[in-house]
Amino acid sequence: MINILKKNNNDLIENLKKIAGTNNVLYSYDELYTYSTDSTNITNPEEIAQAVVFPLSTKQVSQIMQFAYKNNLAVVPRSAGTNLCGACLPKKNGIILDFAKMNRILEINKNNLSASVEPGVVIEDLQKAVEKYDLFYPPDPSNLKVSMIGGSIGLSSGGPHSFKYGTTKDYIIDLEVVLADGTIIHTGSECAKNVTGYNLTQLFVGSEGTLGIITRALIRLIPKPESKRVMLAYFDTLEDTSKTVNDIISNLITPSVIDLMDNNTLKTVESFYPSGLLIDKTAALLIEIDGFKSALDSQYEKIIEICRQNNSSFIQTAATKEEEERIWISRRSSFGATAKLAPNVLTEDVVVPRENIIKLVKGIREICDKYQLKTCIMGHIGDGNIHPNIALDLRNINEFQNFRQAKRELFELALRLHGTLSGEHGIGCEKSEFITKALDINSIKLMKQVKQLFDPKNILNPGKIF
């Protein structure tokens, strides 16, 4: 790709100002460097955007894409920049489209169980807004207080409630998308059911901005559960922990959340946010059940019975909303708490069939011990999605090289266990070199053909996925 405006950045800036307005274009080096990073903490000083633009409308996005298409400029869509796979790093300079100012909840329709939103809407804000209508948007990534819906759709993010309710892909009805040449399309309709033609909506969900720029989404909502119960069950062995999960499911109970925290996570979180976690236990399960009050008591009693049958050494049950919140803050603090162990935290996101979860957790521990990496293991044990949070100092070349090698072995382990590279964090540029190990050559060939069809000049978030 030839960027004909790279040597004359003034022309680029002036053209972008005409489209988006002077106050919505950044171009100083410090600003460009800041927006050319994300939560992977890995930035190449030579891979810095030439401009950052804050569009205010779909029309402006379309005009920017027409300009970029004409001038062979790369365009990288960005939401909060909290992704963990390098999905919004400008690998070929160009323009970053930051959607922080397109942050309106356009409509909440209780009758249709839907919400129309712009990509800059923060997920927690959306959840709170729909709750006022007794509705529920389940996808809840751990960074939901800052994570935006556009990035969440681009990566098809999930969260603890994915076990019962599914991930972002299960809640997108229709998308407004701007294509590489500025063309605006809608991928679905306002209907809950739609099999009219190919499912273009799901093609864009999880595509990491490589096929088009999402400017609006129609999101499916569900009725808010009447009540919930939250508990922490502690175990002295991983085997008992895993068997408890299987036994709960075998007894026809589907918890809304069933998450794992290993001993290192318990100790690190308790040090960071003291809340009474038992730090001498091998692992803990955070279990949440929800639904009608009348049905929860029997489910709760059965789960307690199953935990005790599987040698749970202690069970904490939240008796108040404050205690519920304390447990949830402990769970969501795991990434931030790990940052207390070293200057940087890098987290991975592998998935295996649930029957192989113990092999995965033990294998992760062995790999990280081998390379002397401080690791806190947690994740969604109910659907086999585990997140090792690895604390290290990226300035230390040996530590960084050890991490790169450990990551390679971690991916190889997951694939040997019939798993895959990502359940909710995406591929970005950090996992792209491994995709040939996870997918067959014909599938990759077809995906590249789809990319070529939608983006013939390779200007949409280049260097990601492949």
Side-chain angles (χ1 to χ4, degrees), residues 38-39 41 79-85 121-128 131 136-149 151-152 155 157-168 225 228-234 255-279 281 283-290 316-318 320-341 344-349 375-383 385-391 423-425:
D38 61 20
S39 292
N41 290 315
S79 293
T82 56
N83 79 88
L84 297 159
C85 65
V121 171
V122 173
I123 292 175
E124 186 179 61
D125 293 344
L126 174 62
Q127 291 180 334
K128 289 180 178 179
E131 281 181 3
F136 182 35
Y137 177 66
D140 58 336
S142 293
N143 56 358
L144 59 83
K145 290 183 180 293
V146 293
S147 178
M148 297 176 185
I149 195 69
S152 182
L155 296 170
S157 64
H161 285 89
S162 297
F163 175 65
K164 179 175 182 178
Y165 292 107
T167 61
T168 302
K228 62 182 177 181
R229 302 284 288 273
V230 180
M231 66 199 84
L232 274 174
Y234 295 88
S256 52
V257 176
I258 187 160
D259 269 17
L260 169 75
M261 294 188 286
D262 78 341
N263 176 259
N264 281 0
T265 301
L266 293 170
K267 290 191 293 187
T268 304
V269 170
E270 184 64 18
S271 176
F272 172 73
Y273 176 74
S275 54
L277 298 179
L278 303 186
I279 61 175
K281 305 302 180 183
L285 288 178
L286 189 161
I287 304 170
E288 179 187 279
I289 53 175
D290 65 5
Q316 295 175 331
T317 301
T320 64
K321 287 190 177 296
E322 290 73 19
E323 291 179 5
E324 274 183 18
E325 184 66 16
R326 191 181 310 129
I327 290 175
W328 269 113
I329 291 176
S330 297
R331 162 63 182 82
R332 296 195 188 280
S333 295
S334 56
F335 182 85
T338 308
K340 289 288 186 179
L341 303 179
N344 306 106
V345 179
L346 300 176
T347 188
E348 290 304 333
D349 165 49
T375 309
C376 298
I377 300 174
M378 44 75 63
H380 320 307
I381 190 171
D383 51 27
N385 190 188
I386 293 298
H387 304 307
N389 294 323
I390 300 173
E424 55 190 14
H425 289 180

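- With a 4.5 Å cut-off on side-chain heavy atoms, F163 and S256 do not count as touching.
- In this structure, L286 CG and W328 CH2 are separated by 5.0 Å, a value rounded to the nearest 0.5 Å.
- D383 meets the salt bridge (charged side-chain N to carboxylate O under 4.0 Å, His left out) test with no other residue; sequence neighbours excluded.
- Here CD1 of I289 is found 9.0 Å from CD1 of I287. Values are rounded to the nearest 0.5 Å.
- The backbone N or O of R326 lies less than 3.5 Å from a partner atom in the side chain of S330, making a donor-acceptor pair.
- A donor-acceptor pair under 3.5 Å links the side-chain atoms of Q316 to the main chain of G276, judged by distance alone.
- The shortest side-chain heavy-atom distance between E288 and H161 falls under the 4.5 Å cut-off.
- Of the inter-residue distances, the one linking E124 atom CD with K128 atom NZ reads 4.0 Å to the nearest 0.5 angstrom.
- With sequence neighbours excluded, the residues satisfying salt bridge (charged side-chain N to carboxylate O under 4.0 Å, His left out) with R331 are D259.
- The shortest non-hydrogen separation linking I279 to E270 is CG2-CB, 3.7 Å.
- Side chain of E348 to backbone of P388: no donor-acceptor contact under 3.5 angstrom is found.
- Y165 has its side chain out of reach of D140: every pair of non-hydrogen atoms, C-beta onward, lies at least 4.5 Å apart.
- The closest side-chain heavy-atom distance from L341 to C376 is below 4.5 Å.
- For the pair T167 and S162, the minimum side-chain heavy-atom distance is below 4.5 Å.
- Salt-bridge annotation for D262 and K267: absent, with no side-chain N of the basic residue lying under 4.0 Å from a carboxylate O of the acidic one.
- A donor-acceptor pair under 3.5 Å is absent between the side-chain atoms of E424 and the main chain of P141, judged by distance alone.
- Between M378 and the choices N264, T265, T338, the side chain to side chain contact (heavy atoms under 4.5 Å, CB included) rule is met once, by T265.
- Side-chain N or O atoms of S333 include none that pairs as donor or acceptor with a backbone N or O of G336 at under 3.5 Å.
- Of the N and O atoms on the side chains of S39 and T82, not one donor lies less than 3.5 Å from an acceptor on the other residue.
- With values rounded to the nearest 0.5 angstrom, E324 atom CD is found 10.5 Å from T317 atom OG1.
- Within the 4.5 Å cutoff, the side chain of N83 has no heavy atoms near those of the H425 side chain.
- The line from CZ of F136 to CD of Q127 is 6.5 Å long, rounded to the nearest 0.5 Å.
- Checking side-chain atoms of S142 against main-chain N and O of R332 turns up no donor-acceptor pair under 3.5 Å.
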Should L285 and M261 be marked as a side chain to side chain contact (heavy atoms under 4.5 Å, CB included) after you check the CA-CA gap, both sets of side-chain angles, and the distance that decides it?
-> CA-CA 7 Å; L285 288 178; M261 294 188 286; over 6 Å; no

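- When L84, L155, N385 are each tested for a side chain to side chain contact (heavy atoms under 4.5 Å, CB included) with D349, only one passes: N385.
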Candidate pair T268 and S334, rule side chain to side chain contact (heavy atoms under 4.5 Å, CB included), full reasoning | CA-CA 8 Å; T268 304; S334 56; over 6 Å; no

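- Under the 4.5 Å side-chain criterion, counting only non-hydrogen atoms from C-beta, Y234 is in contact with L266.
- For the pair D125 and K145, the salt-bridge criterion is not met [side-chain N within less than 4.0 Å of a carboxylate O].
- Atom-to-atom distance recorded for L144:CG and I123:CD1 is 6.5 Å, nearest 0.5 angstrom.
- L277 places a side-chain heavy atom less than 4.5 Å from the side chain of L232.
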